[in-house]
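Presented below is the structure to which this report refers.
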Amino acid sequence: MKKKLLIRDLTLRDGQQSAFATRMNQQQVDRVLPFYKDANFYAMEVWGGAVPDSVMRYLNENPWDRLEKIHEGVGKASKLTALSRGRNLYGYAPYTDEIIDGFFKNAVSSGLDVMRIFDALNDVENIKSSVKYIKKYGGLADCAICYTVDPKFEEPLEEKEKGGFFSFMKKNKPAKTIYTDVFTDEYFLNKAKEMMALGADMITIKDMSGLIPPSRVRTLIPLIKNEVKVPIDFHTHCTPGFGLAAVLTAIMNGADIVDTVIWNFAGGPAAPAFELIYLFCKKLDIEIDVNMEAVAKINKELFEIRKELDAYDAVKQFPKPFNPLTDTLPAEIDKEFDNAIASVRDFNEEALLKACQAIDDYFNFPKPNELVKNAEIPGGMYSNMVAQLKEYNSLDILEDAMKLIPSVRLDAGLPPLVTPTSQIVGAQAVASALNQKNSREKYANPSNQFVALVKGEYGNTPVAIDPEFRLKITGSREEKPYDTSNYKRQENPTLDEYGGVKVAQNEKDELLLELFPTVGLTYLKGQRKDEYELKNKSVNKVQAKQEEIETVETERQAPKEVLESPMPGSIMTIFVKEGEVVEKGKVLLILEAMKMENDIVAESAGTVSKILVKEGSFVQAGSPMIELV
């Protein structure tokens with residue numbers, strides 16, 4: 001009997017998230033759904049990750065509509081899958097079982113079949129509730145192990161006298177450096193066993209950074225397959241240059257499912273191209289039950305969509321047009337496919353990588369990104385950082401921020417870099433780079449999420465955090481896990497200005513408020529406003545004008561302290577009023593930057609003489625926000 005390989009297509013979620021900062025809108029998605037219905041992929045990843053946040057934040061669309069419309073368009077032709085973050089779901093705080101239960105009930109009823117569940121710390125305790133509730137409502141639990149690597153410091157940083165990266169790291173060394181191997185094959189096998197014991201229906205090796213070399217795939221997949229009796233899915237990215245070779249090695253060493261992206265969205269920061277895997281499987285006599293004519297139609301539409309997404313394109317490099325059904329490979333490139341297969345069988349990693357790189361080069365896929373490889377970060381994290389820093393007009397600090405990632409990661413207990421820890425560590429590295437650029441201490445104004453990670457609220461980190469560093473960041477040497485019994489649900493305010501309606505109209509709206517307190521509130525307010533104006537068939541321009549009227553400024557003393565924004569961001573909440581007396585250390589406002597919440601505190605006692613910003617307004621680094629006298 002022919003061996004059969006199942007394909008999970010990532011194009012509409014991880015593909016567009018990695019390459020185009022999740023800016024694909026519903027109209028663009030709708031254009032490819034009729035072809036996906038005919039394509040017959042085993043599964044399509046279409047939701048989760050950054051999608052729910054981004055469709056509200058940037059596209060003014062409803063995340064639940066995205067899932068429901070894809071379900072309507074594809075039906076049961078493929079299993080619809082999504083990605084969630086254990087007990088954090090899509091937010092940055094651990095949620096109660098009540099919220100997790102409600103979330104999975106609504107996700108399954110909206111069309112979800114499979115939830116890929118991971119925890120950013122690989123703390124299996126954090127995925128228990130999600131496994132329980134996805135299965136309760138008839139979905140499948142795909143439990144993901146986050147693949148990561150140990151920092152590559154060959155000797156203590158203080159002994160390094162070389163220039164370049166290590167010289168930079170010497171000046172920015174972490175509070176405590178770990179030199180022993182942590183992330184061994186046995187570490188990942190033990191995680192897989194724990195997940196199977198929870199009731200996992202399948203297990204994914206989730207290499208979000210693309211850092212897994214073929215040699216590691218060759219040992220890891222057979223080891224897990226031998227002891228874990230559920231299907232194994234292999235997921236990786238192409239950014240550092242291992243992707244195609246790693247997926248081929250996974251296929252030839254027993255992976256049941258592999259994750260791919262359709263041609264025009266593939267490669268670079270995304271996963272390998274499905275069409276290349278199709279060619280390899282033809283040579284290996286492995287069956288892939290996918291309609292290639294439908295795939296070609298999807299790819300033709302993706303070409304046009306990619307041109308529309310040019311402003312967010314991370315690499316701006318289209319692959320050479322190719323259709324495996326109609327185009328013939330040049331003899332020398334066809335030979336490279338044979339060389340790659342032979343190199344896996346004989347296991348010559350150098351020859352394998354050389355052959356796969358020749359294939360990628362011929363088809364004009366992006367070359368390996370050495371900066372990402374050396375910084376050990378995921379491609380999606382990199383593309384999101386680029387997109388966000390472009391919007392903040394601070395792209396000049398990107399390289400410095402990336403160089404700080406290893407030391408920030410070590411300080412925080414060596415978490416794998418996957419959302420939310422990738423955002424937490426990445427945002428802190430950006431903040432630290434800005435701090436150092438402006439002659440401030442490296443950890444000045446740490447985000448609330450970074451403080452929570454160091455405190456222990458996200459769970460058990462792979463290695464223990466130095467108590468002295470925890471004291472510096474949190475004010476206590478003791479680890480303090482998150483207590484969900486103290487969790488308070490978000491308020492559902494009444495909008496008097498829009499007819500006295502509640503912001504959240506149903507359970508799905510309420511979940512958006514819970515998971516995305518700032519973005520969800522802004523989006524839902526906008527929806528209620530639009531509904532009110534449509535109902536009344538007129539736009540209330542008076543209120544908008546009133547909001548712009550400036551109050552008459554009274555004479556006041558010259559400020560003795562002007563609080564400036566430490567980084568680009570948006571004003572989330574202002575806690576004080578003009579004329580209010582404040583003590584030193586009082587939190588005056590919360591600044592949201594890189595999706596992290598940062599407390600801005602009074603550095604001395606005084607009276608608030610002027611508030612220079614409004615809630616929801618954007619500020620650049622160094623912008624004055626509040627004056628004290």
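When a residue number appears, it is its place in the shown sequence, counting from 1.
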_Close aromatic pair by centroid cut-off 6.0 Å: Phe365 and Trp263_ = yes
*Do Tyr147 and Phe183 have ring centres separated by under 6.0 Å?*
no
*Could you check Arg31 against Glu308 for salt bridge (charged side-chain N to carboxylate O under 4.0 Å, His left out), going step by step and ending with a plain yes or no?*
CA-CA 13 Å; Arg31 282 152 55 184; Glu308 296 163 13; 3.0 Å; yes
Under 3.5 Å, is there a donor-acceptor pair between the [X] and [Y] side chains?
| X | Y | answer |
| --- | --- | --- |
| Thr219 | Asp185 | yes |
| Thr148 | Arg409 | yes |
| Asn122 | Tyr187 | yes |

*asked:* Please check if the number of heavy atoms outside Lys282 that lie under 6.0 Å from its NZ is greater than 12.
replied: no
*Do other residues, nucleotides or ligands put more than 12 heavy atoms under 6.0 Å from Glu332 CD?*
yes
Would you check if [X] and [Y] make a side-chain contact, meaning some heavy-atom pair closer than 4.5 Å?
| X | Y | result |
| --- | --- | --- |
| Met402 | Leu398 | yes |
| Ile145 | Thr204 | no |
| Ile305 | Val29 | no |

Between [X] and [Y], what is the shortest heavy-atom contact and its length?
| X | Y | result |
| --- | --- | --- |
| Met44 | Phe41 | CG-CB, 4.5 Å |
| Ile224 | Ala192 | CG2-CB, 4.0 Å |
| Asn40 | Ser78 | C-OG, 4.1 Å |
| Asp207 | His237 | O-CD2, 3.6 Å |
| Ala50 | Gln17 | N-OE1, 2.9 Å |
| Ile286 | Lys4 | CG2-C, 4.3 Å |

Gap separating the [atom1] atom of [X] from the [atom2] atom of [Y], nearest 0.5 angstrom:
| X | Y | atom1 | atom2 | result |
| --- | --- | --- | --- | --- |
| Glu336 | Leu352 | CD | CG | 11.0 Å |
| Ile298 | Asp9 | CD1 | CG | 6.5 Å |
| Asn126 | Asn88 | CG | CG | 7.0 Å |
| Asp201 | Met196 | CG | CE | 12.5 Å |
| Ile359 | Lys335 | CD1 | NZ | 12.5 Å |
| Asn348 | Lys354 | CG | NZ | 10.0 Å |

*Should the ring pair Phe337 and Phe280 be called parallel, tilted or perpendicular, given that the plane angle runs from 0 to 90° and is split at 30 and 60?*
tilted
Is it true that [X] and [Y] make a salt bridge, defined as a side-chain N closer than 4.0 Å to a carboxylate O?
| X | Y | value |
| --- | --- | --- |
| Lys3 | Asp285 | no |
| Lys206 | Asp233 | no |
| Lys307 | Glu304 | yes |
| Asp400 | Lys437 | no |
| Glu61 | Lys69 | no |
| Lys2 | Glu287 | no |
| Asp38 | Lys297 | no |

For a side chain to side chain contact (heavy atoms under 4.5 Å, CB included) with [X], tell me which candidate from [options] qualifies.
| X | options | value |
| --- | --- | --- |
| Val114 | Asp142, Leu83, Leu80 | Asp142 |
| Pro415 | Asp119, Leu121, Leu410 | Leu121 |
| Val46 | Asp14, Leu112, Ile70, Val74 | Ile70 |

*Worked verdict on Phe234 versus Ile221 for side-chain contact (heavy atoms from CB on, under 4.5 Å)*: CA-CA 9 Å; Phe234 180 71; Ile221 287 183; 4.2 Å; yes
_Arg8/Glu45 under salt bridge (charged side-chain N to carboxylate O under 4.0 Å, His left out): CA gap, chis, key distance, verdict_ = CA-CA 7 Å; Arg8 186 187 318 230; Glu45 187 181 74; 5.3 Å; no
_Candidates Phe265, Tyr312, Tyr58 - the one meeting ring-ring contact (aromatic ring centres under 6.0 Å, His included) with Phe20_ = Phe265
_Apply side-chain contact (heavy atoms from CB on, under 4.5 Å) to residues Val261 and Phe274 and explain how you reach the verdict._
CA-CA 6 Å; Val261 174; Phe274 164 68; over 6 Å; no
*Would Ser432 and Gln436 satisfy side chain to side chain donor-acceptor pair (under 3.5 Å), going step by step from the backbone distance to the final call?*
CA-CA 6 Å; Ser432 293; Gln436 294 184 341; over 6 Å; no
Exam field: side chain [X] to backbone [Y], donor-acceptor pair closer than 3.5 Å:
| X | Y | value |
| --- | --- | --- |
| Asp113 | Thr81 | no |
| Asn339 | Ala351 | no |
| Lys316 | Asp310 | yes |

_Go through it in stages, so that I can follow the logic: the residues are Gln16 and Arg23, the test is side chain to side chain donor-acceptor pair (under 3.5 Å), and I'd like the CA-CA distance, side-chain angles, deciding distance and then a yes or no._
CA-CA 7 Å; Gln16 63 128 343; Arg23 295 304 204 281; over 6 Å; no
_Steps toward side-chain contact (heavy atoms from CB on, under 4.5 Å) verdict (Phe118, Met195)_ = CA-CA 10 Å; Phe118 73 93; Met195 291 172 177; over 6 Å; no
*asked:* If you apply the rule side chain to side chain donor-acceptor pair (under 3.5 Å), what do you find for Arg218 with Thr249, and how did you get there?
replied: CA-CA 6 Å; Arg218 179 172 175 260; Thr249 305; over 6 Å; no
*asked:* According to salt bridge (charged side-chain N to carboxylate O under 4.0 Å, His left out), does anything in residues 355-365 pair up with another residue at least two apart or in another chain? List the pairs.
replied: Asp361-Lys367
_Results of side chain to side chain contact (heavy atoms under 4.5 Å, CB included) for Lys300 - residues two or more places apart only_ = none
_Steps toward side-chain contact (heavy atoms from CB on, under 4.5 Å) verdict (Phe242, Ile212)_ = CA-CA 7 Å; Phe242 296 139; Ile212 190 167; 5.9 Å; no
_Stepwise side chain to side chain donor-acceptor pair (under 3.5 Å) test for Asn190 and Glu186_ = CA-CA 6 Å; Asn190 290 334; Glu186 288 69 28; over 6 Å; no
